[in-house]
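All values reported here derive from a predicted model rather than from experimental measurement.
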Amino acid sequence: MKKSFLTLFLMCSVAVSAQNPIVQTCYTSDPAPMVHGDKIYVYTGHDENNADFFWMYEWRLYSSTDMVNWTDHGVPLSLGTFKWADDRAWAAQCIERNGKFYWYICAHSKLTGGMAIGVAVANKPTGPFKDALGKPLFDNGKWDNIDPTVLIDDDGQAYVLWGNPNIYYAKLNPDMITLASEVKQLELTVEGFGAPNMDKRQKGVKYADCYTEGPWLNKRNGKYQLLYAAGGVPEHLAYSEATSIDGPWKYKGILMPEGNTKSFTNHCGVIDYKGHSYLFYHTGKLPGGGGFGRSTAVEEFTYNADGSLPLIQPTDKGVNPVGKLNPYQRVEGETMAFSKGITTEVNSKTGVYVADVHNGDWLKLQAVDFGNEGPKAFKMRAASALLGGTAELHIDSIGGTKIAQWEIPCTGGWETWKTFTTKVEKKVTGVHDLYFVFKGYKGRKLMNIDWWKAE
């Protein structure tokens with residue numbers, strides 16, 4: 001009995017201290033970060049539960065102002081956005097230009113039977129997005145048109161690049177939705193990527209590495225950096241550099257070893273945000289996860305003095321906050337640093353909200369700043385169609401000091417919202433991690449949560 005309790009305690013302690021994967025409410029693959037204003041946005045794919053292949057039908061979006069508390073923006077884009085697509089909503093990337101946001105995707109084309117590159121456009125980073133062309137940006141019936149990445153160069157020229165196991169690229173017109181050049185194929189070489197194109201590889205030769213898929217095009221200190229999944233299956237991350245998109249490229253080595261990701265694929269994106277550099281990637285570390293159930297993770301790193309990338313190891317710990325959360329303004333329920341058991345749902349009236357709350361579930365927010373005086377009360381917008389339950393507020397850990405609790409009764413429906421106010425039981429000031437711990441009848445769904453706020 002003591003051994004079982006200790007094991008449970010250690011598992012709980014690891015989960016509470018972890019920040020990776022950054023989303024726990026569903027599987028989120030192929031992360032593509034973008035900074036706009038004071039926020040960082042991460043556009044992801046969505047692996048379906050219990051999948052035995054890459055069954056994916058939509059793309060999801062999350063944002064943060066502190067790198068640890070992430071807000072779920074639901075599904076701004078899906079296969080239904082593209083009338084020409086019918087399957088395989090695989091890796092994608094969004095970029096801003098002249099106040100518009102262009103989301104480059106790949107999907108299976110009904111027109112040719114192959115994979116195709118498409119583009120959606122919106123006036124805000126959260127959408128709504130629409131198909132910019134009503135047809136693919138590029139579609140030649142081949143199956144290697146996947147995983148687009150996009151870069152706007154220093155001179156304003158935009159490039160789109162994609163492919164598995166080959167690399168294709170083209171210039172984009174200033175409108176970002178039409179090609180300004182023919183599509184070229186990048187020549188893979190031993191010097192450039194660790195191995196030549198597949199049709200030129202010699203049987204029995206052991207190559208240093210090989211480009212596989214999932215490219216991410218970046219530029220730093222005048223050099224183009226192409227990050228990619230490498231090595232075949234299982235994949236690790238590697239990268240190459242060049243002074244021109246056309247090459248010649250030089251293989252720079254492994255960026256993240258396959259090691260401890262628990263996924264046989266990987267897909268990355270790098271970004272600078274608030275003076276820090278981050279690598280986003282995916283793992284199979286959520287419960288039930290794996291090669292077809294992948295989840296976005298992030299690591300902070302420092303570029304080498306010459307601008308090259310260091311070797312980065314995957315961790316469960318994740319990154320430190322670069323800001324604080326203000327509890328005195330409305331905080332969406334779907335904003336969280338980590339959670340157990342809960343999911344999110346969405347409707348046209350409420351937007352995204354926390355759902356599927358059961359006894360023993362919890363969610364965590366990190367670096368919550370209660371100030372010098374502390375709150376006197378908390379409000380929460382909640383709903384329940386059954387017997388409701390209790391939502392406790394604890395600081396610093398699940399079993400830490402309880403500062404307040406709500407008793408949520410039946411409100412008449414899962415989307416029949418009411419606002420509940422509760423007084424503070426124990427004064428709290430300064431910066432703390434904040435835990436919502438849910439209790440109620442075992443096996444019963446307890447409540448949904450829209451938002452909360454300290455007063």
Side-chain angles (χ1 to χ4, degrees), residues 27-32 34 43-48 51 53-61 73-98 100-152 158-185 213-217 265 267 292 346 348:
Y27 297 124
T28 53
S29 56
D30 305 323
M34 181 192 77
Y43 298 79
T44 78
H46 178 205
D47 291 351
E48 295 294 322
F53 186 62
F54 303 108
W55 305 125
M56 303 163 69
Y57 311 111
E58 62 191 24
W59 296 270
R60 301 188 67 94
L61 174 60
H73 295 281
V75 182
L77 195 64
S78 72
L79 287 175
T81 307
F82 305 95
K83 293 183 178 181
W84 52 268
D86 61 4
D87 200 0
R88 306 191 183 192
W90 289 356
Q93 183 184 350
C94 188
I95 194 170
E96 183 269 339
R97 184 164 199 170
N98 297 329
K100 289 186 178 294
F101 299 86
Y102 300 91
W103 201 341
Y104 296 84
I105 64 98
C106 63
H108 183 260
S109 171
K110 292 189 285 188
L111 305 177
T112 64
M115 292 295 289
I117 306 299
V119 58
V121 63
N123 294 321
K124 297 188 298 183
T126 55
F129 283 85
K130 64 178 183 179
D131 187 350
L133 292 169
K135 62 180 181 180
L137 174 68
F138 183 77
D139 182 8
N140 62 358
K142 293 186 177 180
W143 283 88
D144 51 0
N145 297 319
I146 69 169
D147 301 355
T149 180
V150 61
L151 171 73
I152 300 175
Y159 296 89
V160 60
L161 184 149
W162 67 88
N164 170 357
N166 300 306
I167 302 175
Y168 303 97
Y169 67 107
K171 292 181 179 180
L172 288 164
N173 283 311
D175 64 10
M176 299 296 286
I177 60 173
T178 55
L179 300 181
S181 72
E182 64 177 347
V183 174
K184 299 180 181 179
Q185 182 176 337
E213 60 182 350
W216 179 272
L217 186 58
T265 68
H267 190 110
F292 302 125
V346 62
S348 59

From [X] [atom1] over to [Y] [atom2], what is the distance, rounded to the nearest 0.5 angstrom?
X: Met56; Y: Asp30; atom1: CE; atom2: CG; result: 5.0 Å
X: Ser109; Y: Ile117; atom1: OG; atom2: CD1; result: 11.0 Å
X: Ile95; Y: Ile152; atom1: CD1; atom2: CD1; result: 4.0 Å
X: Lys130; Y: Asn123; atom1: NZ; atom2: CG; result: 8.0 Å
X: Phe101; Y: Tyr43; atom1: CZ; atom2: OH; result: 6.5 Å
X: Lys142; Y: Asn166; atom1: NZ; atom2: CG; result: 8.0 Å

I would like to know whether Thr126 and Leu61 meet side chain to side chain contact (heavy atoms under 4.5 Å, CB included); could you show each step before the answer?
CA-CA 7 Å; Thr126 55; Leu61 174 60; 3.9 Å; yes

Ignoring hydrogens, what is the shortest heavy-atom contact between [X] and [Y]? Give both atom names and the distance.
X: Met34; Y: Cys94; value: SD-O, 3.7 Å
X: Ala32; Y: Ala92; value: CB-O, 3.3 Å
X: Ala85; Y: Ala107; value: CB-CB, 3.7 Å
X: Gly214; Y: Asp147; value: N-OD2, 3.0 Å
X: Gly74; Y: Pro76; value: O-CD, 3.3 Å
X: Pro136; Y: Ala116; value: CB-CB, 4.0 Å

Quick check against the 3.5 Å criterion: does [X] have a side-chain atom that pairs as donor or acceptor with the backbone of [Y]?
X: Asn173; Y: Leu179; answer: yes
X: Thr149; Y: Leu217; answer: yes
X: His46; Y: Ser29; answer: no
X: Trp59; Y: Trp90; answer: yes
X: Gln93; Y: Val150; answer: yes
X: Asp139; Y: Gly141; answer: yes

Parallel, tilted or perpendicular: which one describes the rings of Phe53 and Phe292, with boundaries at 30° and 60°?
tilted

Aromatic ring pairing Trp143/His108, orientation class (parallel under 30°, perpendicular over 60°, tilted between)
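Judged by the thresholds at 30° and 60°, the geometry between Trp143 and His108 is tilted.
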
Sole residue of Trp162, Tyr169, Tyr104 in ring-ring contact (aromatic ring centres under 6.0 Å, His included) with Phe138:
Trp162

Do Leu172 and Tyr102 have side chains that approach each other closer than 4.5 Å (heavy atoms only, starting at C-beta)?
no

Who passes salt bridge (Lys or Arg N to Asp or Glu O under 4.0 Å) against Glu58, sequence neighbours left out?
Arg60

Is a donor from one side chain sitting under 3.5 angstrom from an acceptor on the other, for Asp131 and Trp84?
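Side-chain D/A pair, Asp131 to Trp84: present.
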
Counting heavy atoms not belonging to Lys110, are there more than 12 under 6.0 Å from its NZ?
yes

Would you mind telling me which of Asn140, Asn145, Asp144 makes a side-chain hydrogen bond (donor to acceptor under 3.5 Å, both in side chains) with Tyr168?
Asp144

